[in-house]
Amino acid sequence: MTDVSTDGVRATRASNDVTGLSAAELAEKIASRELSSVEVTRAHLDRIAEIDGELGAFLHVGGDEALAAAEAADAAVAAGEAPSALTGVPLALKDAFTTTDAPTTCGSRMLEGWMSPYDATVTARLRAAGIPILGKTNMDEFAMGSSTENSAYQVTRNPWDTTRIPGGSGGGSAAALASHQAPLAIGTDTGGSIRQPAAVTATVGVKPTYGTVSRYGLIACASSLDQGGPCGRTVLDTALLHEVIAGHDARDATSVSAAVPDVVAAARAGAGGDLSGVRIGVVSQLQGEGYQDGVLASFREACDTLTGLGATIVEVDCPHFTYALGAYYLILPSEVSSNLARFDAMRYGLRVGDDGTHSADEVMALTRAAGFGPEVKRRIMIGTYALSSGYYDAYYGQAQKVRTLIARDFAAAYEQVDVLISPTTPTTAFHLGEKVDDPLSMYLFDLCTLPVNLAGTAAMSVPSGVDPADGMPVGLQIMAPALADDRLYRVGAAYEAARGPIG
Ligand code: GLN
């Protein structure tokens, strides 16, 4: 591990500093009892206490619960019964997943203080793998946003520059990782919410193939697009976490039963650095006008690095990607308008006006007016309109057709190449407040990540450098066909090894 000097809240990575180690290194040291999970967990809790006041990555820190899980992990290791390759390595969980021992808010006032009666499948798998949960991370309300500024609770700052956004909607998880408050994190990716925060914080994030990570207990944003996924600081760490959370779940109706590819083996093989025989396509539609110079320069360098590893690079045309933004911002709001109807003030969450003077309808209206923030309301209105009779065919129906065309573009591309690449975002992280009043320009930040969600395929963002013009990180997006998530890890690990440390 190389040292990266501390500037402000960004990490210290000295080898004697527990929070500077990768998850793979921590796992090894815990397994060999060189370090205990309690020590490791405590070190991260201390770092959270020390710096999160400045960053705002966590909405809730569960110190006692995390330490209890760490003690159990240590006991399992001592008994020779470590349940997973990540036993004892702590993690930060996006507040979109339900937890029985911590509030789940999904970044919304609507669920302030809400305690779930059950754990999400992802939460349960983490617990079963002996992974202590440090706390719940901040996010845009109900995962709608690209900057985490839509959280009803707090702003999260980018550890690289605290005047800038950490990406969204999973900005809390990415900021926690980048500042070494956690060695691993979980995010969700509906249109880019894992990859885009990863790109702007120089961390790694993967949106797995749709249906391979259970949505049971993941609070719904847009169900046909939502997918939980792993976040880490290295490709191998991310693979180790991917292995823990992926797999069939009978409680999720869209869970796929096909076997998840061996992503850990792929990451280890990739680290060997040989990509000869691998065909890589550069998506013509995801570059050029509107992209920051430093982002394009970093992308070109990444192409050279990949070629140097033996890969063949060709340009690939995906003509319908230019309509992805329009289709996404009809399909997503449509699903949101339906999914968020459950927040009716009757069953759980906020209830406003229940004083005996209002009808049930009025209580519902008052509650929804008070409980949802402006972006969520905007999308509920757009979605309700797009689904309304007379407009359904022109908007929602048309968007679904575009979605099919985008999936066909991917299918045609993957006949020619093994993976596709692009920048993860058109620009580096912008300043806090810069786009809050301009939703359209906020939406444009997701230009490169949306097509993958619409097609249900897999993608990774891996750090590719820093734009010298603003000193901010840039991400490389690697995309693969459905159920070929292992390709992301092979190419990502090879690239990461060849690229070397960032910043
Ligand atoms: N930024 C996108 C949106 O606002 C994606 C969100 C996500 O992936 N959850 O919808």
Side-chain angles (χ1 to χ4, degrees), residues 94-97 105-108 122 137-151 156 165-174 185-201 205-208 210 213 215 218-231 324-337 339-340 372-383 386 399 403 424-427 429-430 434-436 438-461 475 477 479:
K94 188 175 183 180
D95 204 22
F97 290 92
T105 68
C106 220
S108 181
V122 164
T137 53
N138 196 23
M139 55 184 287
D140 285 302
E141 184 174 11
F142 291 112
M144 294 174 223
S146 308
S147 67
T148 311
E149 290 166 298
N150 295 336
S151 165
T156 299
I165 59 122
S169 64
S173 284
I186 295 284
T188 68
D189 195 312
T190 300
S193 285
I194 288 175
R195 290 162 285 159
Q196 183 255 46
V200 302
T201 58
V206 168
K207 180 240 166 295
Y210 183 79
V213 173
R215 289 186 298 106
L218 162 61
I219 295 177
C221 175
S223 307
S224 77
L225 300 160
D226 297 342
Q227 192 64 186
C231 312
L325 193 83
Y328 175 87
Y329 278 102
L330 285 169
I331 292 169
L332 176 131
S334 299
E335 294 191 26
V336 159
S337 82
N339 271 329
L340 271 59
F372 291 138
E375 182 63 23
V376 170
K377 286 179 183 157
R378 182 178 298 125
R379 297 206 195 182
I380 290 173
M381 284 192 282
I382 294 172
R403 185 175 190 171
T424 308
T425 55
T427 67
F430 46 88
E434 196 178 318
K435 300 192 184 201
V436 275
D438 186 357
L440 209 55
S441 90
M442 186 79 87
Y443 298 169
L444 284 166
F445 204 37
D446 304 320
L447 213 54
C448 310
T449 48
L450 301 174
V452 168
N453 301 79
L454 290 167
T457 52
M460 166 187 284
S461 180
Q477 179 173 231
M479 298 166 265

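Both counts, for ligands and for their atoms, begin at 1 and track the order of listing. Values below: every heavy atom of this structure, side chains too, minus hydrogens, waters and symmetry copies.
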Looking at CE of Met144 and CG of Leu332, how far apart are the two atoms once the value is rounded to the nearest 0.5 Å?
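Rounded to the nearest 0.5 Å, the CE-CG separation comes to 6.5 Å.
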Which value, rounded to the nearest 0.5 Å, describes the distance between Leu340 atom CG and Glu141 atom CD?
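Spacing of CG (Leu340) from CD (Glu141) equals 8.0 Å.
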Check this for me - ligand 1, [X], N or O atoms closer than 3.5 angstrom, yes or no?
| X | value |
| --- | --- |
| Gly168 | no |
| Gly191 | yes |
| Arg379 | yes |
| Gly192 | yes |
| Ser146 | yes |

May I ask whether Gly145 places a heavy atom under 4.0 Å from ligand 1?
yes
Contact between ligand 1 and Tyr329 is defined here as a heavy atom of the residue under 4.0 Å from a ligand atom; is it met?
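Yes, Tyr329 has heavy atoms under 4.0 Å from ligand 1.
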Where's the contact between [X] and ligand 1, heavy-atom distance under 4.0 Å: side chain, backbone, both or neither?
| X | value |
| --- | --- |
| Thr190 | both |
| Tyr328 | side chain |
| Ser169 | side chain |

Distance filter under 4.0 Å to Ala143 heavy atoms, resulting ligand 1 atoms
6 (C), 7 (C), 9 (N)
Those atoms of ligand 1 less than 4.0 Å from some heavy atom in Ser193
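Matching atoms, with element in brackets: 5 (C), 6 (C), 7 (C), 8 (O), 9 (N).
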Identify the two heavy atoms, one from Pro426 and one from Leu447, that lie closest to each other, and give their separation to 0.1 Å.
CG-CB, 4.4 Å
Please find the pair of heavy atoms, one from Ile165 and one from Ala429, that lie closest to each other, and give the distance.
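That closest heavy-atom pairing would be O-CB, 3.4 Å.
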As a test of understanding, state which of Pro197, Ser193, Ser151, Cys221 forms a side-chain contact (heavy atoms from CB on, under 4.5 Å) with Ser169.
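One option only clears the test, and that one is Ser193.
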With side-chain contact (heavy atoms from CB on, under 4.5 Å) as the test, pick out the partner of Phe372 among Arg378, Lys377, Arg379.
Lys377
Which residue in the set Asn138, Thr148, Thr137 passes side-chain hydrogen bond (donor to acceptor under 3.5 Å, both in side chains) when paired with Thr156?
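For Thr156, the side-chain hydrogen bond (donor to acceptor under 3.5 Å, both in side chains) check succeeds only for Asn138.
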Protein heavy-atom partner closest to atom 2 (C) of ligand 1 - residue, atom, separation in Å:
Asp446 OD2, 3.2 Å
Can you tell if the side chain of Ile380 reaches within under 4.5 Å of the side chain of Phe142, non-hydrogen atoms only?
no
Under 30°, 30 to 60°, or over 60°: which ring-plane class applies to Tyr329 and Tyr443, parallel, tilted or perpendicular?
parallel
